[in-house]
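The structure presented is a predicted model; accordingly, all values stated were derived computationally and were not measured. All chains are named by letter (A, B, ...) in the order of the sequence lines, taking the proteins before the strands, and each is independently numbered beginning at 1.
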Amino acid sequence: MPLNWVLVLTTFLFCVGVYGVLARRNAVIVLMSIEIMLNAVNLNLIAFNGALEGDRLIGQVFALFVIAIAAAELGVGLAIVLLIYRNSFTVSLDEVNLLKW
Amino acid sequence: MNLVEEWGITLAVFLPLLGAIVIVLTPKGMESIQKVLALAATGAALLVGLALTFAFEHGEPGMQFEKSLSWIPSIDSNYHVGIDGISLPLLVLSVLVCFLCIIYACWHIPEPGNAKAFLALILLLETGMNGSFIALDLVLFFVFWELVLVPMYFLIGIWGGENRQYASIKFFLYTLFGSVFMLLGFLALYFQSDPHTFDMLLLQESGVLDIPAGLASLIFGGLALGFAVKVPMWPFHTWLPDAHTQAPTIGSVLLAAVLLKMGTYGFMRIAIPILPGPAMQFAPVIAVLAAIAIVYGALCCLAQTNLKRMIAFSSVGHMGFVMLGISTMTPEGFNAAVFGMVAHGVVTGMLFFLAGSIKERYHTYEMPELAGMGLKIPKMAGLLAFCAIASLGLPGLAGFWGEVMALLASYQPLEGLDPTIFRGAMVVGAIGTVLTAGYFLWMLQRVNMGKISEKWKKVKLADVETLEYAAWLPLLALILVLGLYPRLIMDTTTSSVTALTETITGRSSGDDAHVAQVTDH
Amino acid sequence: MQGLIFLVVAATSGFAAVRLVTNKNLVHAALYLVVTLMGMAIIFLLLTAEFVAWVQVLIYVGAVIVLLLFGLMLTRAQIGKTALDRQQRWVAGPVALVLFGVTAPVLWRFFDGRTISLDRQSGNTEALGTEIFTKFVLPFEVVSVLLLAALVGAVFLAKKD
Amino acid sequence: MVTTLATAAEHGAEVAASTGAPLEMAWLIPIIPMVSAAVIWGVGKRFPKKGAEIGILAMLAVLAGALVVFFDTIGHIAADEGWHGYERAVTWMNFGPGTTLELGFKVDGLAAVLLVVVGVVATMVHLYASSYMHDEVRVTHFFASLSLFTASMLNLVLANNTIQMLVGWEGMGVCSYLLIGHWWEKHENSSAAIKAFLTTRVGDVGFMLGIFVLFWGAQSFNVGVISEMATAGDIAKGTLTVGAILLFCGAIGKSAQFPLHTWLPDAMAGPTPVSALIHAATMVVAGVYLVARMFPVFAAAAPVALEEVAIIGSITMLIAALLALVQDDLKKVLAYSTISQLGYMIAGLGVHAYTASVFHIWTHAWFKALLFLGAGSVIHAVHSNKMSDMGGLYKKMPVTSITYIIGGLALAGFPPFAGFWSKDELVLGAYTQAMEGSGAAMFTFIAMLVTAFLTALYVARMLALTFFGKPKYDEKHVHPHESPKLMIVPLMILAALAVAGGWVGLPGEMNQFGKWVHLPGSEHEPFNMMIAVVSTGAALAGFGIGWAIFRLGKVKVDLQKTALAPVYKLLVNKYYLDDIYWKFIVRPVRDRLSAAAYWINMKVLDGAVNAAGIVAVKTGDFMYRDVDQGLIDGGVNNLAGLMGLAGSKLKFWQTGNMQRYAAAMFLGVAVLVGAFVFFRI
């Protein structure tokens with residue numbers, strides 16, 4: 001299968017994820033978008049692993065690690081969202097401006 | 001002794017770090033135990049420093065106690081450390097001042113308290129400072145250099161004055177800005193050297209001989225920018241008054257006494273010996289900037305009403321003398337620079353201690369409100385006068401030799417440099433000494449002399465206390481001893497700075513005759 | 001054949017992803033995420049990464065989605081048709097488009113002509129296991145510590161004091 | 001390097017060849033008061049007289065040492081005409097590979113004479129002050145500073161190299177600062193102290209630079225080496241001239257020569273014993289001593305450097321003598337008189353009258369210290385500095401009066417008092433040079449004669465107003481009486497010296513002083529009766545006129561109402577020099593220039609830093625809010641709207657919204673990738 005096809009798909013998914021991260025105000029949806037981006041990356045890793053014709057499976061191993069770390073990230077991220085919600089009764093990112101100094 | 005020779009400098013660097021870790025592990029609130037631990041760690045480092053001084057072969061130009069361990073093999077960066085006559089005085093200054101700072105911290109932890117974090121940060125800071133003075137590998141140097149930023153940022157940002165947020169962020173970003181250029185310079189040196197190396201000594205010997213002149217100037221410019229921000233050279237000094245003024249007393253002392261020296265040390269250890277050609281090109285510029293800094297710093301001091309801010313600005317002028325000495329590229333000038341660094345560390349550090357203790361009593365730095373201090377707390381006032389007079393460069397006290405040698409050297413800079421510019425800088429610098437005397441004397445008039453203001457007439461204030469004396473006496477003694485017996489430093493440095501000048505003449509012209517002429521005064 | 005399947009699955013999951021970030025209903029968004037992730041799993045399978053594919057199904061489609069749904073419910077976000085956009089479309093859209101417009105052609109040009117070999121007959125789970133537990137055993141342990149840390153952190157953050 | 005070291009070594013060997021034991025210990029002389037200063041500061045407060053006794057003991061030791069060294073030195077000189085002096089040094093430090101600074105001492109006739117001057121005056125002043133300062137505040141500090149001052153002065157006198165001289169020189173400066181400002185509760189006093197320090201520091205810059213110039217010319221700080229090389233012509237003439245003039249700047253500052261003389265009258269704010277010791281007898285002659293010590297350099301740099309010295313000295317003696325005429329403050333009369341007499345010495349050096357100048361240091365020290373201590377005694381009695389509060393004190397305090405009059409006559413230059421002999425030699429020296437065709441020397445000669453006249457005039461005025469006539473003080477409240485013994489005895493000793501001190505320099509074969517202090521090349525002129533008569537005549541005329549005006553009232557002169565009124569005004573205002581310095585130098589630099597520099601610092605340099613920070617932080621938001629939303633999306637409705645928009649948007653650049661930050665980040669990545677790929681950077 002041509003590598004290009006997969007690459008275009010992953011790029012597309014990644015950009016969709018970017019859009020979601022940037023455009024949506026609900027923190028949970030933002031987290032979902034991040035998952036899409038991570039998945040795009042995973043697909044990339046696997047595709048390159050196949051395309052580079054080595055005997056080893058380093059790309060897949062990395063994909064596994066990414067999945068594991070994504071799970072961790074999601075857990076912590078959701079915990080933060082819950083915390084913010086408890087403190088300010090909102091999960092709208094436009095009302096959360098902790099970066100302002 | 002073997003332990004000292006093999007591992008002495010490593011111990012001096014990492015003992016404080018060990019202390020910091022142990023302190024962090026102690027439970028909160030056990031202040032006295034934490035203080036004892038901090039004292040022990042810095043005291044051990046000080047003892048190591050003294051042992052090193054005794055083990056050191058004074059008068060040998062080269063590196064001593066060198067140690068090289070593999071660290072990051074993939075980029076050939078090693079844990080390569082060593083000291084020579086230039087770094088030893090600074091290392092000893094650093095361990096001494098840190099120890100005294102801890103003693104002072106035992107007397108008083110600034111608001112909002114939390115001795116544990118405060119002491120641990122100071123110890124971490126000491127590791128960074130000591131490390132910078134011993135590193136012989138650019139990556140290692142950079143790590144220590146940046147390590148210094150973080151604790152200082154927190155010291156200013158948490159224990160600082162009213163405007164601490166602004167000052168700490170400014171300090172952090174400004175110095176970081178400088179070090180980015182420095183890092184780029186390091187990387188350029190790495191990629192330009194053949195074989196690629198981060199080792200300062202290798203780079204100095206053979207590393208970057210054949211690179212194009214324009215690129216060499218560019219690299220030197222980057223390094224110089226990084227160091228100049230730290231020194232700070234005019235016009236990159238504006239972080240300093242804010243950081244100094246807002247920092248807690250100990251922070252100011254460490255900033256003045258040790259941190260600023262990392263910049264000038266960088267010039268002498270890295271920028272100049274590795275790139276002597278561009279250094280010669282840039283030397284007149286540095287001299288002019290230094291002369292400006294001297295007069296400019298003095299003028300800004302004259303405009304101050306805030307005691308601490310005035311002392312902060314005086315650093316700009318004093319470091320101007322140091323840079324003037326460096327810019328001459330002669331052994332006399334380098335000697336002046338090292339001496340000036342140590343003297344400034346001792347004298348200005350002491351002035352900051354005094355300013356801090358005065359604030360503890362009067363709760364202000366504003367000079368008009370302090371009037372009549374000589375009647376209220378005469379011992380403190382006497383010490384202030386002593387240090388002010390030492391700082392204005394009175395012969396027989398520490399401040400004098402650095403200034404006078406820097407000016408002396410700039411009459412006759414290294415062959416190949418235009419003496420006219422340097423002599424102009426000399427005259428301007430000499431005029432600066434008058435202004436320096438002026439602001440210190442007017443400060444004394446406003447603070448020590450006159451009548452006590454109404455506000456303080458009835459209030460009883462404590463004069464200098466025992467713990468304060470304990471922290472200050474070594475510095476006061478050093479001010480006097482360095483002034484009367486300058487060989488204490490000169491005997492250590494002279495051979496090293498002579499070697500430095502020989503590196504420059506040997507490398508920038510490749511002509512042995514020059515070397516002979518320079519050394520043949 | 002494989003190419004055809006790929007195109008279909010890719011189109012489906014791409015569509016689902018777009019719907020995910022544009023629709024107005026939160027629960028629907030979660031369901032679209034399921035579709036996208038399932039599509040990805042199928043593509044993993046196509047690319048002979050069957051272990052990763054199953055891990056994907058188990059962890060993402062199984063665990064993560066559930067977690068997200070819980071998140072949605074716990075934060076009592078408005079479930080239903082509400083204005084979920086931040087009126088930021090006009091920033092986010094161009095940025096995403098530009099990113100795509102720049103990256104996709106670049107990748108296309110650089111990797112034109114390369115193919116992915118799909119001729120492995122047997123499963124590669126064993127090889128993958130060998131890889132992880134020999135060469136990557138330290139990172140693996142580190143990841144496990146990380147997971148533990150994340151677990152503790154999440155509990156700590158989310159617990160009511 | 002090799003050559004200079006060899007020179008130094010030869011030099012050392014030569015001078016060390018003929019020595020005796022006392023000279024080897026001469027370095028102890030400055031150490032004694034230094035130790036005593038430390039002791040007084042440390043434990044002086046616990047002593048019954050608060051440290052005064054330690055100071056006096058130290059001074060007695062110094063005096064004894066100085067006398068031993070002095071007599072040993074003149075013994076050497078008597079035994080060997082070519083004896084250069086005794087010099088010993090250790091290495092103080094190495095500046096660089098070939099630049100050595102020594103810590104050493106050198107005793108020759110010049111140094112020995114100064115040692116005696118310092119030793120005697122310091123001892124007298126300490127004795128006097130232990131009574132005079134008895135009830136004052138901070139007595140301990142006072143005596144410690146006095147001791148430290150003495151140590152610095154002795155160090156300067158004995159120094160064998162220029163840097164060590166600078167150390168003593170500046171040490172004296174700071175002690176002078178501390179002592180002038182002794183009563184620092186009053187703002188004027190601390191200001192006077194600062195003025196003294198800063199004004200002399202201006203000169204010190206010249207001194208310091210002169211040291212550098214000569215160092216690089218001779219590759220040595222050693223006075224002997226520099227002098228020998230200068231005389232031998234081993235240093236370029238231009239270097240020598242520049243070096244000499246710069247050195248002389250130091251002398252101008254320290255010895256209160258025009259135009260830097262203005263600090264000395266203000267320095268009278270200090271306690272009177274300080275004025276006697278520092279601002280009359282010792283510190284202010286340091287400048288003269290410096291020129292004398294480095295005289296071979298000046299001589300080799302002739303004529304430019306020497307003529308400058310002569311002219312500055314002449315101007316100084318004239319203008320200061322004129323100022324002394326109009327002062328009401330007794331101490332200020334003496335201060336201006338000191339400036340004028342220092343001008344004599346400086347001008348004398350300028351006309352090659354080397355021995356005569358040093359001789360004048362010697363005699364001047366006795367009578368001027370006497371006059372100051374006497375003035376202190378008077379001021380002590382009437383509680384005022386002003387001559388308009390005195391008068392008729394002759395009967396109330398006879399010893400003070402008689403000794404004071406002796407001092408005055410010595411100052412005015414009447415034979416056979418000490419001042420006559422030295423002044424006569426100076427005038428003679430100027431005359432001899434003038435006859436050789438030197439215009440500057442001619443000017444000096446005339447200035448000296450005029451000054452002799454003026455000196456006698458103001459001495460007459462001072463004596464008449466203070467001790468004779470009717471009492472002008474408030475007789476109900478002030479009851480003048482003779483001062484205590486401890487103050488009187490020093491007066492009597494100094495009076496004896498003011499009479500007899502000049503007899504060591506009698507003309508002709510008797511002239512011992514000419515043998516003690518002698519420099520080959522500046523030969524001593526034989527006594528000239530005509531000059532002696534002329535200068536004495538000038539003095540007599542001055543004194544006669546003064547006495548006639550101020551004591552007898554024969555001539556009524558009201559300066560303020562005659563044609564001389566503008567002159568009077570000029571004098572009262574001290575030629576407006578103080579005003580000019582204050583208005584055009586001190587104030588602009590201290591207040592305006594510094595404010596300007598600080599303004600630049602805060603607004604330009606710091607402003608640039610802050611602006612860079614703000615711009616860096618907020619560029620991303622600016623792109624979105626103002627370019628995208630403000631200009632393209634929102635459109636520009638009108639100019640006023642744009643202004644308002646800009647104002648309000650500027651305020652909210654920083655939203656803290658992370659999504660907008662992230663957008664900027666991704667956009668940046670995209671742009672960077674694009675740039676890298678398409679433009680192949």
Under a 4.5 Å heavy-atom cut-off, does chain C meet the side chain of [X], its backbone, both or neither?
| X | answer |
| --- | --- |
| Ala63(A) | side chain |
| Leu13(A) | side chain |
| Leu45(A) | neither |
| Phe65(A) | side chain |

Who wins among [options] for the most heavy-atom pairs under 4.5 Å with chain A?
| options | answer |
| --- | --- |
| Leu67(C), Thr36(C), Thr103(C), Ile59(C) | Leu67(C) |
| Val143(C), Leu146(C), Leu68(C) | Leu68(C) |
| Ala96(C), Ser144(C), Ala63(C), Pro94(C) | Ala96(C) |
| Leu128(C), Leu46(C), Thr130(C) | Leu128(C) |
| Phe140(C), Tyr60(C), Phe70(C) | Tyr60(C) |

Who among [options] has the most heavy-atom pairs with chain C under 4.5 Å?
| options | value |
| --- | --- |
| Ala79(A), Cys15(A), Gly20(A) | Cys15(A) |
| Val61(A), Ile58(A), Ile69(A) | Val61(A) |
| Asn4(A), Thr11(A), Val76(A) | Asn4(A) |
| Leu74(A), Ile80(A), Val8(A), Thr10(A) | Leu74(A) |

On the 0 to 90° scale, with breaks at 30° and 60°, tag the Phe62(A)-Phe136(C) ring pair as parallel, tilted or perpendicular.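 Answer is perpendicular, since the angle exceeds 60°.
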Atom group of [X] that falls short of 4.5 Å from chain A, counting heavy atoms:
| X | answer |
| --- | --- |
| Pro139(C) | both |
| Val95(C) | side chain |
| Ala149(C) | neither |

Sorted by chain and residue number, the side-chain contact (heavy atoms from CB on, under 4.5 Å) partners of Leu83(A) (sequence neighbours excluded) come out as Arg86(A), Asn87(A), Leu157(C)
In short, Gln60(A) meets Thr48(C) closest at the heavy-atom pair NE2-O, 4.1 Å
Which donor-acceptor pairs under 3.5 Å do side chains of residues 3-13 of chain C form with protein atoms, sequence neighbours excluded?
residue  : atom : partner  : partner atom : Å
Thr12(C) : OG1  : Val8(C)  : O            : 2.7
Ser13(C) : OG   : Val9(C)  : O            : 3.1
Ser13(C) : OG   : Ala10(C) : O            : 3.3

Starting from the C-alpha separation in whole Å, work towards a yes-or-no answer on side-chain contact (heavy atoms from CB on, under 4.5 Å) for Val52(C) and Asn42(A). CA-CA 9 Å; Val52(C) 184; Asn42(A) 270 350; 5.9 Å; no
Stepwise side-chain contact (heavy atoms from CB on, under 4.5 Å) check, Tyr19(A) with Val18(C): CA-CA 9 Å; Tyr19(A) 175 85; Val18(C) 172; over 6 Å; no
